[in-house]
K.L.:
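Pasting in a structure now, in structure tokens, and then I'll have a few things to ask.
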Number of protein chains: 2
Amino acid sequence: MNLKELSTLLGLSQTTVSRALNGYPEVSEVTRQKVLKAARKYNYAPNPRARGLATGRNHAVGHIIPLSKGHEMVNPVFADFIAGASEIYSRENIDMLLTVVPDSDEADAYRKIAAKGSVDGVIVHGPKADDPRIKLLRDIGMPFVVHGRSGSADENEYSWVDMNNARAFERATKFLIDLGHRRIGLLNGLESMDFAAKRRAGYRTALESAGITEDPDLCHSAEMTEEFGYVAAMKVLTLPDPPTALLTSSIIVGYGVRRALDTLGLRIGKDVSLIVHDDELSYMRNGSSEPIYTATRSSVRLAGRICAEILLDQIAHPERPPRHELLDADLIIGHTTGPAPK
Amino acid sequence: MNLKELSTLLGLSQTTVSRALNGYPEVSEVTRQKVLKAARKYNYAPNPRARGLATGRNHAVGHIIPLSKGHEMVNPVFADFIAGASEIYSRENIDMLLTVVPDSDEADAYRKIAAKGSVDGVIVHGPKADDPRIKLLRDIGMPFVVHGRSGSADENEYSWVDMNNARAFERATKFLIDLGHRRIGLLNGLESMDFAAKRRAGYRTALESAGITEDPDLCHSAEMTEEFGYVAAMKVLTLPDPPTALLTSSIIVGYGVRRALDTLGLRIGKDVSLIVHDDELSYMRNGSSEPIYTATRSSVRLAGRICAEILLDQIAHPERPPRHELLDADLIIGHTTGPAPK
DNA sequence: CCAAACCGTCAAAGCGCTTTGATACCCGCA
DNA sequence: TGCGGGTATCAAAGCGCTTTGACGGTTTGG
């Protein structure tokens, strides 16, 4: 069923039917009702390609997932972010396009996406510490929102939604210091990523203001897998002077740490304290009533919702200035931290 | 840059330029090269909407994610599946559309997707034990591939890619029985899901052929979260006559079981044996060289690749009969199983 | 009472592409 | 010389929608 068929069926012109359907005021209420009823009856849906061609708008946004060798963006955090964003999209009837872009030909891929024009805007995932994609997208002139930031000075020039990574990890580190810990390990994400760099900085700040010198042997940085948590924890805990507390950038890494403690016969929260970062992943909830792990907590799903909302707003009103949302992480106390052992 | 501009720039007609770009034989090789060079130079990409309008083909496929209340399909397994599928799509230059469909108005949503015609085919996720969506899609006449199957008798009438769930769980259960275990718990996914029903069936088969009667108290079924693993394990292990072995439908549930064993001071693989199902999730690898958990293993990423390939094939050749791929799971031995304690 | 404003509707143009059917040209063969 | 058969190119139609500009018909206001 298309517009033409529907309009002849109704004995009206395509114009009138189209207007009726799109809520234009020029059509009388009685006609509109007739049209709406017929549309429902015949299960009419406008062809989005044709509409896109005519309007230049797509009712679609793209999520661009960078794929570096050895670095996989399609991760559980991403899944929850998407889930959040899609809540907004389905409410607004927007399509979501996923595009995996190997970062070898990034610039090209982005230009191509813009040239094809199948999306009205994009969300940028996993920004690096000084990410060229941002300048690129600004040059191209396509609306975009970054999940995270990108270190550089032009932060006010584009829209982003980020968590206060530095602050969160500074607080967590300070919390451990206050409990008497002096040897504190950090199992971080890849520090080429902006979020990980900021977390490291926060950790460093807390140590410095307590007069503790950072020991690079206690810091590891890699893709945030369970296995990384295990391997890195095994490594630092078998050092001659092992840490009494660990911070991890993801609850998944925390699972690996738990397994390492199992293996070494160390008690979590007694022999070794652990603070994880908790993105409130739906399949890896940190307890339902009471938190299990002491954690810095910030919902990535919420971040997805906010990103999507800002993007849609920017698409609808390109003249508005960029928007930023800095989410604060909570520090929540669970059962995995305690005073430093003597 | 569009076709018209490009063609006037070249002093050729749109027809010729279009043909040159699309590899038609009617255009001379020297012209074709000129056109290709210019297209690259001006970064020309055909507008996919316009092309779609003209050809009826979209170069896009949809992934339909069911959303039930209390059931979240955007999960880590899904993320890895998508990653696999997108490998194929990006090779073939196909767009991937994600659509979250609340299962309240499923039928409507599917019809709408078909009516809009923005995708050439869809992949169906998370089929239930007797899923109405399959008949629906067949009636609509849109190419589709199911990730999993749907129990009913018409299995040969549509394309699917599934793992041999029953067989895998039968073997795992038998393996535990051979180790002397008699009380074996099953922490399964939602048994309204086809895959979970099949796993349960396999588990049951193995018990029966060993002459063990199934104890419903040892079986739990829910969304496969870490917390479910913890809660369910705590429940069964504190029974008067607790199991000596557990099977879980996901490695994430296994993490929860590990935590429960921690809490109860039980040793994994000694006091309680554990077999998990391992989808080879990239962020939750079951060991790199040597497996950690004893597991039934089947790569969901591979399943994603195969699904995508079959779908593209069905789109290109709608006349071909449905295809099925039944992946066999390996049973791999890790460090979490051992003989039943006396 | 007539011009001005308004209302509901329509025909037609245009979005950027593919594809059909036509055309102009050249070659070789009788 | 004339004609059939390629070969390389083109103009124009059509995909399904939105939107512009126009058109009769009805109110309204001076």
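In what follows, chains carry the letters A, B, and so on, assigned in the order in which the sequence lines appear, proteins first and then strands, with residues in each chain numbered from 1.
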K.L.:
Who passes ring pair (Phe, Tyr, Trp, His ring centres under 6.0 Å) against B:Tyr44, sequence neighbours left out?
P.N.:
none

K.L.:
I'd like to know if the side chain of B:Ser90 and the backbone of B:Ser86 have a donor-acceptor N/O pair within less than 3.5 Å.
P.N.:
yes

K.L.:
When you measure from every atom of DNA chain C, which of residues 111-119 of chain B have a heavy atom less than 4.0 Å away?
P.N.:
none

K.L.:
Name all pairs fulfilling the salt bridge (charged side-chain N to carboxylate O under 4.0 Å, His left out) condition that reach into residues 82-95 of chain A, sequence neighbours left out, sorted by first residue then second.
P.N.:
A:Glu87-A:Arg301, A:Glu87-A:Arg305, A:Arg91-A:Glu309, A:Asp95-B:Lys116

K.L.:
Over all heavy atoms of both residues, which pair between B:Ala60 and B:Ile94 is shortest? Give the atoms and the distance, please.
P.N.:
CA-CG2, 4.0 Å

K.L.:
Pair up each side-chain donor or acceptor in residues 26-34 of chain B with any protein partner under 3.5 Å, not counting sequence neighbours, and list the distances.
P.N.:
{"residue": "B:Ser28", "atom": "OG", "partner": "B:Thr31", "partner atom": "N", "Å": "3.4"}
{"residue": "B:Ser28", "atom": "OG", "partner": "B:Thr31", "partner atom": "OG1", "Å": "2.4"}
{"residue": "B:Glu29", "atom": "OE1", "partner": "B:Arg32", "partner atom": "NE", "Å": "3.4"}
{"residue": "B:Glu29", "atom": "OE2", "partner": "B:Gln33", "partner atom": "NE2", "Å": "3.1"}
{"residue": "B:Arg32", "atom": "NH1", "partner": "B:Ala20", "partner atom": "O", "Å": "2.9"}
{"residue": "B:Arg32", "atom": "NH2", "partner": "B:Tyr24", "partner atom": "O", "Å": "2.6"}

K.L.:
Can you tell me which residue pairs pass the salt bridge (charged side-chain N to carboxylate O under 4.0 Å, His left out) test with a partner in residues 10-21 of chain B, sequence neighbours excluded?
P.N.:
none

K.L.:
Let me have a per-nucleotide readout for nucleotides 5-18 of chain C, 5' to 3', with B, S or -, counting only protein heavy atoms under 4.0 Å.
P.N.:
---BBBBB-BBBBB

K.L.:
I'd like to know if B:Asp154 and B:Arg138 make a salt bridge, using a cut-off of under 4.0 Å between side-chain N and carboxylate O.
P.N.:
yes

K.L.:
Any Lys/Arg nitrogen of B:Asp194 or B:Lys128 sitting under 4.0 Å from an Asp/Glu carboxylate oxygen of the other?
P.N.:
no

K.L.:
The helix from C:dC1-D:dG30 to C:dA30-D:dT1: angle between its terminal axes, five pairs each, to 10°?
P.N.:
60°

K.L.:
B:His147: which residues meet the ring pair (Phe, Tyr, Trp, His ring centres under 6.0 Å) condition with it, sequence neighbours left out?
P.N.:
B:Phe81

K.L.:
Return the minimal non-hydrogen interatomic distance between B:Val146 and B:Pro127, and the atom names on each side.
P.N.:
CG1-CG, 3.7 Å

K.L.:
Quick one: do the B:Ser18 and B:Thr15 side chains pair a donor with an acceptor below 3.5 Å?
P.N.:
no

K.L.:
Please report the shortest heavy-atom distance between B:Ser7 and B:Lys4, naming the atom on each side.
P.N.:
OG-O, 2.8 Å

K.L.:
Who passes salt bridge (charged side-chain N to carboxylate O under 4.0 Å, His left out) against B:Asp120, sequence neighbours left out?
P.N.:
B:Arg57

K.L.:
So, using side chain to side chain contact (heavy atoms under 4.5 Å, CB included) as the criterion, who are the partners of A:Arg51 when residues are at least two apart?
P.N.:
A:Pro46, A:Thr55, A:His59

K.L.:
Please walk me through it: do A:His63 and A:Thr99 pass side chain to side chain contact (heavy atoms under 4.5 Å, CB included)?
P.N.:
CA-CA 6 Å; A:His63 282 240; A:Thr99 317; over 6 Å; no

K.L.:
Please produce a list of atom pairs where a protein N or O lies less than 3.5 Å from an N or O of nucleotides 25-28 of chain D.
P.N.:
none

K.L.:
Tell me, which of residues 32-42 of chain B have any heavy atom that sits under 4.0 Å from an atom in DNA chain D?
P.N.:
none

